[in-house]
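Reading through the structure tokens given below for one structure.
Both counts, for ligands and for their atoms, begin at 1 and track the order of listing. The first residue of the sequence shown is numbered 1, and numbering continues consecutively from there.
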Amino acid sequence: MRKQIAAANWKMNLTKPQAEQLLNMLLDQAPELTGSQEVVLAVPFPYLMWVMERISGRSGYRVAAQNCHHKVAGAFTGEVSAPMLASLGVSDCVLGHSERREYQQESDSLLAEKVDRCLEVGLRPIFCCGEPLSIREAEGQNDHVGGQIRAGLFHLTADAITKVVIAYEPIWAIGTGRTASADQAQEMHAHIRSVLADQYGDVVAASISILYGGSVKASNATELFGLPDVDGGLVGGASLQADEFVQIIRSLA
Ligand code: PEP
């Protein structure tokens, strides 16, 4: 059975005292998870070790980096490699968030390299995809997202791609308060699964968790996570409020 995942993306928010306050509140209220549920906290690099220590012993709770470099090591001042993250015990790495695709010009081919660097050291990539508003308005979203998945992931073997989590995040819904409707989310998630099935077969496609991201909050999480092809969410703004994120965790199927 594929995992149902509530992933928090703190982005570049929270000083250490603020992060401590949030994490304390979150861990005070956070529910125990079933064997098929996970919570992933994607936190800024300086907080990785500390958050890992704080969640240790909590079954199903994991920590993610928000990015890594596409090379193993070398003269890349200011960068962080996948082997460094793995050597700390980090389990997951968000790749290809639309903010990085836009502000750091991350291309599909660069992301394919980052996916490889993560898998080589046992880090689970959370591979983000999603279309801008102009493409949605021109009804090109299926081709756009299918293209991102093919370019970023289809060099992988069937075994390797089962180690990836996909996050569909329509750019027009990120941080805007505008959520994809249940129909829009289900339609795209089913499309992504069919793209995966065409390449890898139904069994592999059915085993991959596909998260929805874009203004997920406590008030819409139950509906979204109840959709047949939505396996949880990647949550930005609402993950910065402990009570909201706890409700989102409780909404996991
Ligand atoms: C995100 O950052 O991945 C995201 C979905 O943000 P928000 O929930 O704030 O829309």
Side-chain angles (χ1 to χ4, degrees), residues 3-14 18-19 22-23 26 38-45 47-48 51 62-68 90 92-104 106 111 114-115 118 124-133 135-136 141 144-145 148-149 152 164-182 184-186 188-189 192 209-227 229-252:
K3 297 286 184 188
Q4 305 295 310
I5 303 170
N9 179 12
W10 287 3
K11 310 194 188 192
M12 195 178 73
N13 289 303
L14 307 171
Q18 291 168 337
L22 173 64
L23 193 62
L26 179 63
E38 289 179 353
V39 170
V40 180
L41 303 177
V43 306
F45 289 128
Y47 304 158
L48 285 167
V51 176
R62 301 165 65 107
V63 176
Q66 297 174 9
N67 175 45
C68 68
V90 174
D92 294 54
C93 186
V94 177
L95 294 178
H97 191 282
S98 60
E99 288 151 15
R100 293 201 60 86
R101 288 180 186 260
E102 181 178 354
Y103 306 139
Q104 269 72 37
E106 292 195 348
L111 292 170
K114 293 190 181 201
V115 168
C118 284
R124 181 174 70 177
I126 300 178
F127 181 86
C128 301
C129 54
E131 80 287 356
L133 185 59
I135 288 186
R136 168 68 58 169
Q141 66 271 16
H144 184 85
V145 171
Q148 289 176 319
I149 288 176
V164 175
V165 169
I166 293 174
Y168 167 60
E169 301 203 303
I171 297 170
W172 46 271
I174 296 180
T176 59
R178 187 175 161 187
T179 315
S181 68
Q184 287 171 321
Q186 171 53 29
M188 177 57 81
H189 282 234
I192 292 171
S209 298
I210 307 175
L211 315 186
Y212 169 79
S215 298
V216 174
K217 25 189 192 293
S219 58
N220 59 24
T222 306
E223 182 186 24
L224 287 163
F225 298 175
L227 298 168
D229 286 293
V230 176
D231 306 307
L234 179 54
V235 185
S239 74
L240 300 174
Q241 292 169 259
D243 51 346
E244 274 281 311
F245 193 60
V246 166
Q247 280 310 314
I248 290 168
I249 298 171
R250 291 189 192 282
S251 306
L252 287 173

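- Close approach of ligand 1 to G175 is summarised as follows: ligand atoms under 4.0 Å from at least one heavy atom of the residue are 7 (P), 9 (O), 10 (O).
- Shortest contact from atom 5 (C) of ligand 1 to any protein heavy atom: E169 OE2, 3.1 Å.
- Of all protein heavy atoms, the one closest to atom 1 (C) of ligand 1 is H97 NE2, 3.2 Å.
- Ligand 1 places these atoms under 4.0 Å from at least one heavy atom of G214: 5 (C), 10 (O).
- When hydrogens are left out, the protein atom nearest atom 9 (O) of ligand 1 is G237 N, 2.8 Å; that is the closest non-hydrogen contact.
- Heavy-atom distances between A173 and ligand 1 reach below 4.0 Å in at least one pair.
- Taking 4.0 Å as the cut-off between side-chain N and carboxylate O, K217 and E244 do not count as a salt-bridged pair.
- Checked against a 3.5 angstrom limit, the closest N/O atoms of T176 and ligand 1 fall outside it.
- Backbone and side-chain nitrogen or oxygen atoms of E99 are examined, and none is located within less than 3.5 angstrom of a nitrogen or oxygen of ligand 1.
- Taking a cut-off of under 4.0 Å to the non-hydrogen atoms of N9, the atoms of ligand 1 that pass are 1 (C), 2 (O), 3 (O).
- A cation-pi arrangement is present between R101 and F127 under the rule of less than 6.0 angstrom and at most 45 degrees off the ring axis.
- G236 N, 2.8 Å is the protein heavy atom nearest to atom 8 (O) of ligand 1.
- Within the 4.5 Å cutoff, the side chain of C68 has heavy atoms near those of the L95 side chain.
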